[in-house]
Amino acid sequence: MTKPIKSYSPEEAESLLVSLGFPRYRVGQLLSWLYVKQARSYDEMTDLPAALRALLAKSYPLHGSAVEERQISQGGTRKYLISLFDGVLVETVGIPSADGRLTVCCSSQAGCAMKCTFCATGKAGLTRSLYSGEIVDQVLTVQNDFGRRVSNVVFMGQGEPFSNYDNTIGALRILNLPKIGRASCRERV
């Protein structure tokens, strides 16, 4: 078994599909299924060839996340405890503003290795860094729960983004892909 499909950057996903003998344009379809339509299984990806879906399902697991707990403040801010595929928990916050903007404060790691004396997360230590797709999933979770497009993303949740630089940048690249960045939560399958 290799690494989960959501750990691949768009460029890495393209290289993977090409190395498996599939044309480059398939990566756009795959990314759309992962991040716009938010497919939970390869079987849902009906415009991908059955052979590709079977190969991906066998060797590149497709993991989702789940909201374990949600708290809503009087001002409308929502705090989420999200469970990842391996049972690791991260925190994410959705912050609506009066002018219609929606900011997501997401985590880049589960826990933190910095051990800042003022921070409870640092005292607990680092469990692991998040994959790019796990970071993107936090943003999509908030977007779907609020029923509107996220306008701002900040990395002020668990972890130190520069300690998980490649995956943090990978998540930002995915979120800024034209089709994904403009996607509405209403475009889901």
Side-chain angles (χ1 to χ4, degrees), residues 1-68 80-90 92 104 106-111 126-145 150 153 155 157-159 161 163-185 187-189:
M1 174 106 48
T2 57
K3 62 185 189 173
I5 194 65
K6 286 187 174 182
S7 68
Y8 286 81
S9 69
E11 298 79 16
E12 290 170 331
E14 182 178 302
S15 294
L16 172 66
L17 294 185
V18 169
S19 75
L20 296 172
F22 294 92
R24 293 184 192 290
Y25 73 86
R26 294 289 184 198
V27 75
Q29 293 171 310
L30 177 63
L31 293 174
S32 178
W33 279 108
L34 293 174
Y35 300 114
V36 176
K37 299 171 186 166
Q38 300 174 42
R40 293 289 185 173
S41 77
Y42 288 111
D43 292 336
E44 295 176 45
M45 301 179 186
T46 54
D47 61 352
L48 293 179
L52 175 57
R53 287 184 278 155
L55 182 61
L56 291 172
K58 180 179 178 186
S59 300
Y60 304 91
L62 173 56
H63 300 299
S65 58
V67 175
E68 294 294 321
Y80 306 85
L81 184 63
I82 297 176
S83 176
L84 305 176
F85 77 94
D86 55 0
V88 169
L89 299 172
V90 295
T92 306
V104 175
C106 61
S107 297
S108 58
Q109 297 179 306
L126 177 67
T127 302
R128 71 174 176 85
S129 290
L130 302 187
Y131 295 124
S132 298
E134 292 172 322
I135 297 169
V136 173
D137 281 350
Q138 292 174 72
V139 175
L140 297 176
T141 294
V142 173
Q143 178 169 279
N144 293 335
D145 190 47
V150 169
V153 176
F155 289 88
Q158 294 177 350
S163 292
N164 188 18
Y165 183 80
D166 290 340
N167 288 326
T168 300
I169 294 299
L172 292 173
R173 287 188 176 129
I174 291 167
L175 289 168
N176 281 291
L177 289 171
K179 184 159 182 138
I180 294 167
R182 288 191 303 267
S184 160
C185 57
E187 289 186 51
R188 291 186 61 207
V189 175

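All residue numbers in this chain count up from 1 along the given sequence.
How far CZ of Arg40 is from CH2 of Trp33: 14.0 Å, rounded to the nearest 0.5 Å. Within the model, atoms CD of Glu134 and CG of Asn164 stand 9.5 Å from one another, a figure rounded to the nearest 0.5 Å. Separating the OH atom in Tyr60 from the CG atom in Leu52 is a distance of 10.5 Å, to the nearest 0.5 Å. Atom CG in Leu16 sits 10.5 Å away from atom OG in Ser9 (nearest 0.5 Å). Summarising the geometry, atom CD belonging to Gln38 is positioned 4.5 Å from atom CG belonging to Asn144; distances are rounded to the nearest 0.5 Å. Taken to the nearest 0.5 Å, the OH atom of Tyr35 stands 8.5 Å off from the CG atom of Leu140.
For the side chain to side chain contact (heavy atoms under 4.5 Å, CB included) test, residues two or more places apart in sequence or in another chain that qualify with Ser41 are Asp43, Glu44.
For the pair Arg128 (side chain) and Gln109 (backbone), a donor-acceptor distance under 3.5 Å is absent. Between the side chain of Ser132 and the main chain of Asn167, a donor-acceptor pair closer than 3.5 Å is present. For the pair Ser163 (side chain) and Gly159 (backbone), a donor-acceptor distance under 3.5 Å is absent. In this structure, the side chain of Ser32 does not engage the main chain of Gln29 through any donor-acceptor pair within 3.5 Å.
Between Phe85 and Tyr131, the angle of the ring planes stays under 30°, which puts this pair in the parallel group of the 30/60° scheme.
Looking only at side-chain heavy atoms (C-beta outward), Leu130 and Val90 come within less than 4.5 Å of each other. The closest side-chain heavy-atom distance from Leu81 to Val67 is not below 4.5 Å. Between Leu62 and Met45, the closest side-chain pair of non-hydrogen atoms falls below 4.5 Å. Under the 4.5 Å side-chain criterion, counting only non-hydrogen atoms from C-beta, Ile5 is in contact with Leu30. The shortest distance between side-chain heavy atoms of Leu89 and Ile82 does not fall below 4.5 Å. For the pair Ser83/Val88, no side-chain contact is recorded, criterion being any heavy-atom separation below 4.5 Å from C-beta on.
The heavy-atom pair separating Leu177 from Leu31 by the smallest distance is CD1-CD1, 3.9 Å. Of all heavy-atom pairs spanning Val27 and Pro10, the tightest one is CG2-O, 3.8 Å. The nearest pair of heavy atoms linking Gly111 to Gln158 is N-OE1, 3.4 Å. In terms of heavy atoms, Ser7 sits closest to Pro4 at OG-O, 2.5 Å. Of all the heavy atoms in Ser108 and Ile135, the pair that sits closest is CA-CD1, 4.2 Å. Here the closest heavy-atom approach between residue Ala110 and residue Leu126 is recorded as O-CD1, 3.5 Å.
For the residue pair Tyr80/Asp145, the side-chain donor-acceptor check at 3.5 Å is satisfied.
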| task | For Arg26 and Leu48, run side chain to side chain contact (heavy atoms under 4.5 Å, CB included): C-alpha distance rounded to whole Å, both residues' side-chain angles, the deciding distance at 0.1 Å, then the answer. | result | CA-CA 7 Å; Arg26 294 289 184 198; Leu48 293 179; 3.9 Å; yes
| request: Given side chain to side chain contact (heavy atoms under 4.5 Å, CB included), test Thr92 with Thr141 step by step and report yes or no. | output: CA-CA 9 Å; Thr92 306; Thr141 294; over 6 Å; no
| task | Show your working on side chain to side chain contact (heavy atoms under 4.5 Å, CB included) between Leu17 and Tyr25 and close with a plain yes or no. | result | CA-CA 9 Å; Leu17 294 185; Tyr25 73 86; over 6 Å; no
| said: Under the criterion side chain to side chain contact (heavy atoms under 4.5 Å, CB included), I'd like the reasoning laid out for Leu84 against His63: C-alpha separation, chi angles, the key distance, then a yes or no. | reply: CA-CA 8 Å; Leu84 305 176; His63 300 299; over 6 Å; no
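A cation-pi arrangement is present between Lys3 and Tyr8, with the terminal nitrogen or guanidinium carbon under 6.0 Å from the aromatic centre and inside a 45° cone about the axis. Taking the ring centre of Phe22 as origin, the terminal cationic atom of Arg24 falls outside the region bounded by 6.0 Å and 45° from the ring axis.
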